[in-house]
Novice: 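Below: one structure in C-alpha coordinates.
All of these numbers come straight from a predicted model, not from anything done at the bench.
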Amino acid sequence: MLSNYIHKYYFTEDKIMANISVSIHTFNIEEISTGENKYKIKKELNNKIAKQNDIFEIIRTFCKRYGQYEDDEIKSSVFKISEESFTEEKNEETGNVFRHMILRVKTGEYGFTTDLVDPKKKEEVYKKDSDLAEVKPFFVNIVVDKRKNIQKGFIIFQNVGIYSVKTVFKTYFSDFLKSYNTQTLQYKFNIGVVTPKHFALQLLNEYEVKNLKLVAYNKPMDSADKLDSDFAYAEEERIYRKFSKIKKTVKKICEYINRERDITDIIEIEGFEYDNIKLELDLGGGKVRTLDLGKIDKAVMKLNFKDSDIKGIDGHADMDKLKKEVESIYELYSKNINLVYLK
(Lines give C-alpha, C1' and ligand atoms only; values in the text may rest on other atoms or scores of the structure.)
Protein backbone atom coordinates (compact mmCIF):
# COMPACT_ATOMS: atom_id res chain seq x y z
CA MET A 1 0.00 0.00 0.00
CA LEU A 2 2.89 2.33 0.80
CA SER A 3 4.32 2.22 -2.71
CA ASN A 4 0.92 3.02 -4.17
CA TYR A 5 0.52 5.88 -1.74
CA ILE A 6 3.87 7.39 -2.64
CA HIS A 7 3.20 6.99 -6.35
CA LYS A 8 -0.19 8.65 -6.15
CA TYR A 9 0.51 11.60 -3.92
CA TYR A 10 4.12 12.56 -3.48
CA PHE A 11 6.06 11.83 -6.60
CA THR A 12 3.35 11.79 -9.24
CA GLU A 13 4.54 13.38 -12.46
CA ASP A 14 1.12 13.39 -14.10
CA LYS A 15 -0.99 16.53 -14.19
CA ILE A 16 -3.90 15.89 -11.84
CA MET A 17 -7.18 17.68 -12.39
CA ALA A 18 -7.99 17.87 -8.70
CA ASN A 19 -9.22 20.45 -6.24
CA ILE A 20 -9.21 18.35 -3.08
CA SER A 21 -6.04 18.08 -1.03
CA VAL A 22 -4.94 17.74 2.59
CA SER A 23 -2.33 19.62 4.57
CA ILE A 24 -0.63 17.72 7.38
CA HIS A 25 0.16 19.23 10.77
CA THR A 26 0.86 18.22 14.34
CA PHE A 27 -0.76 19.83 17.38
CA ASN A 28 -0.41 20.03 21.14
CA ILE A 29 -2.16 21.58 24.12
CA GLU A 30 0.04 23.70 26.38
CA GLU A 31 -0.78 24.40 30.01
CA ILE A 32 0.62 27.68 31.33
CA SER A 33 0.69 28.41 35.04
CA THR A 34 0.51 32.09 35.98
CA GLY A 35 0.45 31.43 39.72
CA GLU A 36 3.28 31.47 42.21
CA ASN A 37 4.95 28.45 40.58
CA LYS A 38 5.10 29.51 36.94
CA TYR A 39 5.56 26.79 34.31
CA LYS A 40 4.66 25.68 30.78
CA ILE A 41 4.00 22.03 29.99
CA LYS A 42 2.67 20.06 27.04
CA LYS A 43 -0.35 18.06 28.21
CA GLU A 44 -0.79 14.34 27.61
CA LEU A 45 -3.63 14.25 25.10
CA ASN A 46 -5.21 10.99 26.27
CA ASN A 47 -5.22 11.95 29.94
CA LYS A 48 -7.25 14.62 31.69
CA ILE A 49 -6.18 17.94 30.21
CA ALA A 50 -8.61 20.39 31.80
CA LYS A 51 -11.78 19.95 33.88
CA GLN A 52 -11.28 16.15 33.75
CA ASN A 53 -11.53 16.09 29.94
CA ASP A 54 -9.12 14.50 27.47
CA ILE A 55 -8.56 15.98 24.00
CA PHE A 56 -11.52 14.26 22.34
CA GLU A 57 -13.92 15.20 25.14
CA ILE A 58 -12.82 18.82 24.79
CA ILE A 59 -13.36 18.71 21.01
CA ARG A 60 -16.84 17.19 21.49
CA THR A 61 -17.76 20.08 23.76
CA PHE A 62 -16.36 22.46 21.15
CA CYS A 63 -18.63 20.89 18.52
CA LYS A 64 -21.67 21.29 20.76
CA ARG A 65 -20.78 24.94 21.35
CA TYR A 66 -20.64 25.66 17.61
CA GLY A 67 -23.23 23.13 16.43
CA GLN A 68 -25.24 25.99 14.94
CA TYR A 69 -23.89 28.68 12.63
CA GLU A 70 -21.91 31.34 14.49
CA ASP A 71 -22.11 34.78 12.90
CA ASP A 72 -18.90 36.80 13.05
CA GLU A 73 -20.19 40.22 12.12
CA ILE A 74 -16.74 41.81 12.18
CA LYS A 75 -15.35 39.39 9.57
CA SER A 76 -18.74 38.92 7.84
CA SER A 77 -18.40 35.14 8.07
CA VAL A 78 -20.24 32.14 9.51
CA PHE A 79 -18.87 28.99 11.12
CA LYS A 80 -20.20 25.71 12.45
CA ILE A 81 -18.67 22.33 13.23
CA SER A 82 -19.92 18.80 13.87
CA GLU A 83 -18.46 15.43 14.81
CA GLU A 84 -18.98 12.99 11.95
CA SER A 85 -16.99 9.92 13.00
CA PHE A 86 -14.91 8.55 15.87
CA THR A 87 -13.08 5.22 15.66
CA GLU A 88 -10.16 3.36 17.18
CA GLU A 89 -7.80 1.80 14.66
CA LYS A 90 -4.73 -0.41 14.94
CA ASN A 91 -1.53 0.17 13.04
CA GLU A 92 -0.79 -3.39 11.92
CA GLU A 93 2.90 -2.64 11.41
CA THR A 94 3.62 -1.14 14.84
CA GLY A 95 0.77 -2.65 16.84
CA ASN A 96 -0.10 0.78 18.23
CA VAL A 97 -3.75 1.78 18.55
CA PHE A 98 -4.77 5.30 17.50
CA ARG A 99 -8.00 7.24 17.81
CA HIS A 100 -9.38 9.06 14.78
CA MET A 101 -12.07 11.74 14.95
CA ILE A 102 -13.48 13.33 11.81
CA LEU A 103 -15.05 16.77 12.05
CA ARG A 104 -17.00 18.63 9.41
CA VAL A 105 -16.54 22.40 9.27
CA LYS A 106 -18.91 24.58 7.28
CA THR A 107 -17.79 28.15 6.83
CA GLY A 108 -18.12 31.00 4.40
CA GLU A 109 -18.33 34.76 3.98
CA TYR A 110 -21.04 37.25 3.18
CA GLY A 111 -21.18 40.99 2.48
CA PHE A 112 -20.81 40.78 -1.30
CA THR A 113 -22.78 39.48 -4.25
CA THR A 114 -21.72 36.40 -6.17
CA ASP A 115 -22.62 35.33 -9.68
CA LEU A 116 -23.21 31.62 -10.38
CA VAL A 117 -22.21 30.69 -13.91
CA ASP A 118 -23.14 27.67 -16.00
CA PRO A 119 -19.71 26.79 -17.49
CA LYS A 120 -21.22 24.82 -20.38
CA LYS A 121 -23.67 27.53 -21.40
CA LYS A 122 -21.12 30.21 -20.46
CA GLU A 123 -23.75 32.39 -18.90
CA GLU A 124 -24.77 33.65 -15.46
CA VAL A 125 -27.73 31.76 -13.99
CA TYR A 126 -28.01 33.22 -10.48
CA LYS A 127 -26.78 36.14 -8.38
CA LYS A 128 -26.29 35.58 -4.65
CA ASP A 129 -27.41 38.45 -2.45
CA SER A 130 -24.78 40.19 -0.32
CA ASP A 131 -26.48 39.18 2.95
CA LEU A 132 -26.17 35.45 2.18
CA ALA A 133 -23.02 33.47 3.06
CA GLU A 134 -21.49 31.17 0.48
CA VAL A 135 -20.65 28.10 2.59
CA LYS A 136 -18.31 25.21 1.75
CA PRO A 137 -17.85 21.97 3.75
CA PHE A 138 -14.41 20.81 4.90
CA PHE A 139 -13.27 17.77 6.86
CA VAL A 140 -10.81 18.10 9.74
CA ASN A 141 -9.14 14.90 10.98
CA ILE A 142 -7.81 14.55 14.53
CA VAL A 143 -5.58 11.50 14.98
CA VAL A 144 -3.91 10.63 18.31
CA ASP A 145 -1.89 7.59 19.34
CA LYS A 146 -3.79 6.02 22.27
CA ARG A 147 -0.80 5.54 24.57
CA LYS A 148 -1.01 7.54 27.78
CA ASN A 149 2.15 9.63 27.46
CA ILE A 150 1.36 11.04 24.00
CA GLN A 151 1.71 14.84 23.90
CA LYS A 152 1.56 15.42 20.15
CA GLY A 153 -1.28 14.52 17.81
CA PHE A 154 -1.94 14.92 14.10
CA ILE A 155 -4.44 17.36 12.65
CA ILE A 156 -5.04 16.93 8.93
CA PHE A 157 -7.04 19.61 7.15
CA GLN A 158 -8.93 18.92 3.93
CA ASN A 159 -8.62 21.76 1.43
CA VAL A 160 -10.86 22.66 -1.50
CA GLY A 161 -8.89 24.37 -4.24
CA ILE A 162 -7.24 27.42 -2.66
CA TYR A 163 -9.56 27.33 0.34
CA SER A 164 -8.58 25.93 3.75
CA VAL A 165 -10.06 26.02 7.25
CA LYS A 166 -6.78 25.81 9.18
CA THR A 167 -6.84 29.47 10.26
CA VAL A 168 -10.55 29.68 11.09
CA PHE A 169 -10.45 26.36 12.98
CA LYS A 170 -7.47 27.46 15.05
CA THR A 171 -9.10 30.83 15.79
CA TYR A 172 -12.39 29.35 17.01
CA PHE A 173 -10.83 26.43 18.92
CA SER A 174 -8.22 28.63 20.60
CA ASP A 175 -10.94 31.03 21.70
CA PHE A 176 -13.09 28.13 22.95
CA LEU A 177 -10.16 26.68 24.90
CA LYS A 178 -10.08 29.85 27.00
CA SER A 179 -13.30 28.66 28.67
CA TYR A 180 -11.15 26.09 30.51
CA ASN A 181 -8.84 28.77 31.95
CA THR A 182 -8.75 29.43 35.68
CA GLN A 183 -7.25 32.27 37.68
CA THR A 184 -3.84 30.58 37.59
CA LEU A 185 -3.99 28.22 34.58
CA GLN A 186 -4.26 29.00 30.88
CA TYR A 187 -4.51 26.60 27.93
CA LYS A 188 -3.03 27.17 24.50
CA PHE A 189 -3.64 25.28 21.24
CA ASN A 190 -0.50 25.02 19.08
CA ILE A 191 -0.32 23.78 15.48
CA GLY A 192 3.04 22.56 14.16
CA VAL A 193 4.40 21.95 10.70
CA VAL A 194 5.09 18.58 9.12
CA THR A 195 7.60 19.04 6.33
CA PRO A 196 8.57 16.74 3.44
CA LYS A 197 11.76 15.78 5.31
CA HIS A 198 9.79 13.38 7.51
CA PHE A 199 8.56 11.64 4.38
CA ALA A 200 12.04 11.58 2.85
CA LEU A 201 13.48 9.81 5.89
CA GLN A 202 10.84 7.11 5.56
CA LEU A 203 11.58 6.63 1.87
CA LEU A 204 15.32 6.31 2.42
CA ASN A 205 14.72 3.70 5.10
CA GLU A 206 12.41 1.56 2.94
CA TYR A 207 13.53 1.87 -0.69
CA GLU A 208 16.71 1.38 -2.69
CA VAL A 209 18.56 4.21 -4.39
CA LYS A 210 18.75 3.45 -8.11
CA ASN A 211 20.59 6.55 -9.32
CA LEU A 212 22.33 9.40 -7.54
CA LYS A 213 22.66 12.68 -9.39
CA LEU A 214 25.02 15.47 -8.33
CA VAL A 215 23.97 18.87 -9.66
CA ALA A 216 26.15 21.96 -9.97
CA TYR A 217 24.60 25.32 -10.83
CA ASN A 218 26.91 27.44 -12.97
CA LYS A 219 26.32 30.87 -11.42
CA PRO A 220 27.36 34.02 -13.33
CA MET A 221 30.40 35.91 -12.05
CA ASP A 222 28.62 39.24 -12.52
CA SER A 223 25.68 39.51 -10.11
CA ALA A 224 24.04 42.03 -12.45
CA ASP A 225 23.37 39.18 -14.87
CA LYS A 226 20.97 37.71 -12.33
CA LEU A 227 18.63 40.65 -12.82
CA ASP A 228 17.79 39.61 -16.36
CA SER A 229 14.16 38.43 -16.42
CA ASP A 230 15.14 35.51 -18.67
CA PHE A 231 18.02 34.44 -16.44
CA ALA A 232 18.33 30.78 -15.43
CA TYR A 233 21.27 28.87 -13.97
CA ALA A 234 22.96 26.41 -16.29
CA GLU A 235 23.23 22.96 -14.74
CA GLU A 236 26.03 20.43 -14.82
CA GLU A 237 25.15 16.91 -13.69
CA ARG A 238 27.03 13.78 -12.74
CA ILE A 239 24.99 10.59 -12.44
CA TYR A 240 26.14 7.54 -10.47
CA ARG A 241 24.45 4.17 -10.85
CA LYS A 242 26.88 1.80 -9.13
CA PHE A 243 27.50 2.28 -5.44
CA SER A 244 30.13 0.62 -3.31
CA LYS A 245 29.26 2.48 -0.10
CA ILE A 246 25.60 3.37 -0.61
CA LYS A 247 24.63 2.63 3.02
CA LYS A 248 27.16 5.15 4.29
CA THR A 249 25.97 7.67 1.71
CA VAL A 250 22.32 7.21 2.68
CA LYS A 251 23.33 7.65 6.33
CA LYS A 252 24.98 10.97 5.45
CA ILE A 253 21.90 12.03 3.47
CA CYS A 254 19.73 11.33 6.52
CA GLU A 255 22.12 13.44 8.59
CA TYR A 256 21.70 16.26 6.07
CA ILE A 257 17.90 16.00 6.27
CA ASN A 258 18.22 16.22 10.06
CA ARG A 259 20.46 19.28 9.63
CA GLU A 260 23.51 17.52 11.02
CA ARG A 261 25.70 18.22 7.98
CA ASP A 262 25.72 20.36 4.82
CA ILE A 263 24.46 18.97 1.53
CA THR A 264 27.92 19.56 0.03
CA ASP A 265 29.46 17.40 2.77
CA ILE A 266 27.76 14.17 1.70
CA ILE A 267 29.98 13.12 -1.21
CA GLU A 268 33.50 14.22 -2.11
CA ILE A 269 34.37 14.31 -5.82
CA GLU A 270 37.77 15.71 -6.69
CA GLY A 271 37.50 18.61 -9.12
CA PHE A 272 33.70 18.82 -8.94
CA GLU A 273 31.78 21.09 -6.58
CA TYR A 274 28.06 20.32 -6.52
CA ASP A 275 25.14 22.31 -5.09
CA ASN A 276 22.34 19.75 -4.92
CA ILE A 277 21.66 16.01 -4.89
CA LYS A 278 18.76 14.23 -6.58
CA LEU A 279 18.02 10.59 -5.88
CA GLU A 280 16.07 8.15 -8.02
CA LEU A 281 14.31 5.65 -5.76
CA ASP A 282 13.16 2.22 -6.89
CA LEU A 283 9.63 1.80 -5.50
CA GLY A 284 9.17 -1.61 -7.07
CA GLY A 285 6.93 -2.68 -9.93
CA GLY A 286 8.89 -0.53 -12.36
CA LYS A 287 8.10 2.67 -10.48
CA VAL A 288 11.00 5.09 -10.12
CA ARG A 289 10.61 8.55 -8.66
CA THR A 290 13.00 11.41 -7.91
CA LEU A 291 13.71 12.86 -4.49
CA ASP A 292 15.16 16.38 -4.73
CA LEU A 293 17.14 17.02 -1.53
CA GLY A 294 17.28 20.74 -2.25
CA LYS A 295 13.51 21.00 -1.76
CA ILE A 296 13.14 18.77 1.31
CA ASP A 297 12.55 21.48 3.91
CA LYS A 298 10.85 24.19 1.89
CA ALA A 299 7.14 23.95 2.67
CA VAL A 300 4.27 22.45 4.60
CA MET A 301 3.42 18.96 3.44
CA LYS A 302 0.40 19.10 1.15
CA LEU A 303 -0.96 16.09 -0.73
CA ASN A 304 -3.29 16.22 -3.71
CA PHE A 305 -5.87 13.57 -4.57
CA LYS A 306 -7.26 12.50 -7.90
CA ASP A 307 -10.94 13.37 -8.14
CA SER A 308 -11.86 9.75 -8.84
CA ASP A 309 -10.08 8.59 -5.69
CA ILE A 310 -11.70 10.94 -3.20
CA LYS A 311 -14.84 12.66 -4.46
CA GLY A 312 -18.42 11.64 -3.73
CA ILE A 313 -21.42 12.00 -6.00
CA ASP A 314 -21.98 15.58 -4.79
CA GLY A 315 -18.50 16.67 -5.87
CA HIS A 316 -17.26 17.06 -2.28
CA ALA A 317 -14.82 14.77 -0.52
CA ASP A 318 -16.31 11.40 0.42
CA MET A 319 -15.75 10.92 4.16
CA ASP A 320 -15.10 7.17 4.04
CA LYS A 321 -12.61 7.49 1.17
CA LEU A 322 -10.85 10.35 2.91
CA LYS A 323 -10.74 8.41 6.20
CA LYS A 324 -8.78 5.56 4.62
CA GLU A 325 -6.32 7.96 2.99
CA VAL A 326 -5.80 9.97 6.18
CA GLU A 327 -5.08 6.84 8.20
CA SER A 328 -2.50 5.72 5.63
CA ILE A 329 -0.90 9.16 5.83
CA TYR A 330 -0.85 9.03 9.64
CA GLU A 331 0.68 5.55 9.76
CA LEU A 332 3.43 6.64 7.40
CA TYR A 333 4.28 9.97 8.99
CA SER A 334 4.02 8.98 12.65
CA LYS A 335 7.00 6.65 12.23
CA ASN A 336 9.42 9.56 11.95
CA ILE A 337 7.88 12.09 14.34
CA ASN A 338 8.46 12.02 18.09
CA LEU A 339 5.02 12.15 19.72
CA VAL A 340 6.45 12.89 23.15
CA TYR A 341 8.32 16.11 23.91
CA LEU A 342 11.77 15.55 25.36
CA LYS A 343 12.43 17.28 28.67
Novice: Can we say Glu30 and Lys40 salt-bridge, meaning some charged N sits less than 4.0 Å from an Asp/Glu carboxylate O?
Specialist: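 Salt bridge flag = no for Lys40 with Glu30.
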Novice: Can any side-chain N or O of Thr107 pair as donor or acceptor with the backbone N or O of Val78 at less than 3.5 Å?
Specialist: yes
Novice: Take the angle between the ring planes of Phe169 and Phe157 and call it parallel below 30°, perpendicular above 60°, tilted in between.
Specialist: perpendicular
Novice: Does the pair Ser82 and Glu84 meet the rule for a side-chain hydrogen bond (donor to acceptor under 3.5 Å, both in side chains), with working shown?
Specialist: CA-CA 6 Å; Ser82 60; Glu84 298 296 317; 2.6 Å; yes
Novice: Indicate yes or no for a side-chain donor-acceptor contact from Asp262 to the backbone of Asp265 under 3.5 Å, with no hydrogens or angles considered.
Specialist: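 No, Asp262 side chain to Asp265 backbone: no donor-acceptor pair under 3.5 Å.
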Novice: Ignoring hydrogens and angles, tell me if any N or O in the side chain of His100 forms a donor-acceptor pair with the backbone of Thr87 under 3.5 Å.
Specialist: no
Novice: Are Ile267 and Ile253 joined in one hydrophobic group, where the rule is that I, L, V, M, F, W and Y side chains link up if heavy atoms are under 4.5 Å apart?
Specialist: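 In one cluster with Ile267: Ile253, yes.
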Novice: In terms of heavy-atom contacts, does CD of Glu273 have more than 12 from other residues, nucleotides or ligands at under 6.0 Å?
Specialist: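 It does not: Glu273 CD has 12 such atoms or fewer within range.
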Novice: Name the one of Thr61, Ile29, Leu185 that satisfies side chain to side chain contact (heavy atoms under 4.5 Å, CB included) with Tyr180?
Specialist: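 For Tyr180, the side chain to side chain contact (heavy atoms under 4.5 Å, CB included) test succeeds with only one of Thr61, Ile29, Leu185, which is Thr61.
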Novice: Using the rule given for side chain to side chain contact (heavy atoms under 4.5 Å, CB included), can you reason through Asn19 versus Lys311, listing the C-alpha separation, both sets of side-chain angles and the distance that settles it, and then say yes or no?
Specialist: CA-CA 10 Å; Asn19 65 351; Lys311 278 190 174 181; 3.3 Å; yes
Novice: Between Lys136 and Glu109, does any NZ, NE, NH1 or NH2 come within less than 4.0 Å of an OD or OE carboxylate oxygen?
Specialist: no
Novice: With a 3.5 Å distance limit and no angle check, can you tell me whether Asp118 reaches the backbone of Lys121 through a side-chain donor-acceptor pair?
Specialist: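 At least one qualifying donor-acceptor pair exists.
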Novice: Is NZ or CZ of Lys213 both nearer than 6.0 Å to the six-membered ring centre of Tyr274 and within 45° of the ring axis?
Specialist: no
Novice: Closer than 4.0 angstrom, basic N to acidic O: yes or no for Glu325 and Lys321?
Specialist: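 Here Glu325 does not pair with Lys321 in a salt bridge, since their nearest N and O are not under 4.0 Å apart.
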Novice: Hey, is CD on Glu260 packed in by over 12 heavy atoms from elsewhere, all under 6.0 Å?
Specialist: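 Check passes, neighbour count above 12.
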Novice: Answer yes or no on whether Lys80 is positioned over the face of Tyr66, meaning its NZ or CZ is under 6.0 Å from the six-membered ring centre and within 45° of the axis.
Specialist: no
Novice: A quick test of your reading: do over 12 heavy atoms of other residues, nucleotides or ligands sit less than 6.0 Å from NZ of Lys128?
Specialist: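 Atom NZ in Lys128 is crowded, with more than 12 foreign heavy atoms closer than 6.0 Å.
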Novice: Can you check whether Asp131's main-chain N or O pairs, donor with acceptor, with Asp129's side chain at less than 3.5 Å?
Specialist: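 Pair absent, no side-chain N/O of Asp129 close to backbone of Asp131.
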Novice: Quick one: does any side-chain atom of Tyr163 pair with a main-chain N or O of Phe138 as donor and acceptor, under 3.5 Å?
Specialist: no
Novice: Does the Asp145 side chain pair with the main chain of Ile150, one donor and one acceptor, at a distance under 3.5 Å?
Specialist: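 Such a contact is absent between Asp145 side chain and Ile150 backbone.
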Novice: State whether the number of non-hydrogen atoms from other residues, nucleotides or ligands found under 6.0 Å of Lys48 atom NZ is greater than 12.
Specialist: yes
Novice: Heavy-atom count around Lys188 NZ within 6.0 Å, excluding the residue itself: above 12?
Specialist: no
Novice: Mark yes when over 12 heavy atoms from residues, nucleotides or ligands other than Gln68 sit less than 6.0 Å from its CD; otherwise mark no.
Specialist: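 No, because the 6.0 Å sphere around CD of Gln68 holds 12 heavy atoms or fewer from other groups.
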Novice: Among Arg99, Lys146, Lys43, which one satisfies salt bridge (charged side-chain N to carboxylate O under 4.0 Å, His left out) with Asp54?
Specialist: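 In the set Arg99, Lys146, Lys43, the residue that makes a salt bridge (charged side-chain N to carboxylate O under 4.0 Å, His left out) with Asp54 is Arg99.
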Novice: Checking side-chain polar atoms at under 3.5 Å, does Asn28 have a donor or acceptor matched by the opposite partner on Asn190?
Specialist: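 Result is yes, a qualifying pair exists.
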Novice: Would the Tyr172 and Phe176 ring centres measure less than 6.0 Å apart?
Specialist: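 Between Phe176 and Tyr172, which both carry aromatic rings, the centre distance is not below 6.0 Å.
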Novice: Are Leu103 and Val135 co-members of a hydrophobic cluster defined by side-chain heavy atoms under 4.5 Å apart?
Specialist: no
Novice: Whether the side chain of Gln158 engages the backbone of Phe139 through a donor-acceptor N/O pair (distance < 3.5 Å, no angle test) should be reported.
Specialist: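 Pair found, side chain donor or acceptor close to backbone of Phe139.
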Novice: Do Lys42 and Lys152 touch side chain to side chain, with heavy atoms closer than 4.5 Å?
Specialist: no
Novice: Other residues, nucleotides and ligands only: do more than 12 of their heavy atoms fall within 6.0 Å of NZ on Lys51?
Specialist: yes
Novice: Before giving the answer on ring pair (Phe, Tyr, Trp, His ring centres under 6.0 Å), spell out for Phe173 and Phe62 the whole-Å C-alpha distance, their side-chain angles and the decisive distance to 0.1 Å.
Specialist: CA-CA 7 Å; Phe173 188 67; Phe62 172 59; 5.1 Å; yes
Novice: Checking Gln186 against Thr34 for the side chain to side chain contact (heavy atoms under 4.5 Å, CB included) test, could you report, in this order, the C-alpha distance in whole Å, the side-chain angles of both residues, the deciding distance, and whether it holds?
Specialist: CA-CA 8 Å; Gln186 297 177 0; Thr34 58; 3.9 Å; yes
Novice: Please check if the side chain of Asn159 supplies one atom and the backbone of Gly161 the other of a donor-acceptor pair under 3.5 Å.
Specialist: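 The answer is no, because no donor-acceptor pair under 3.5 Å joins these two groups.
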Novice: Backbone N or O of Glu124 within a donor-acceptor pair of the Asp115 side chain at under 3.5 Å?
Specialist: no
Novice: How about Phe98 and Tyr330: are their ring centroids closer than 6.0 Å?
Specialist: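 Between Tyr330 and Phe98, which both carry aromatic rings, the centre distance is below 6.0 Å.
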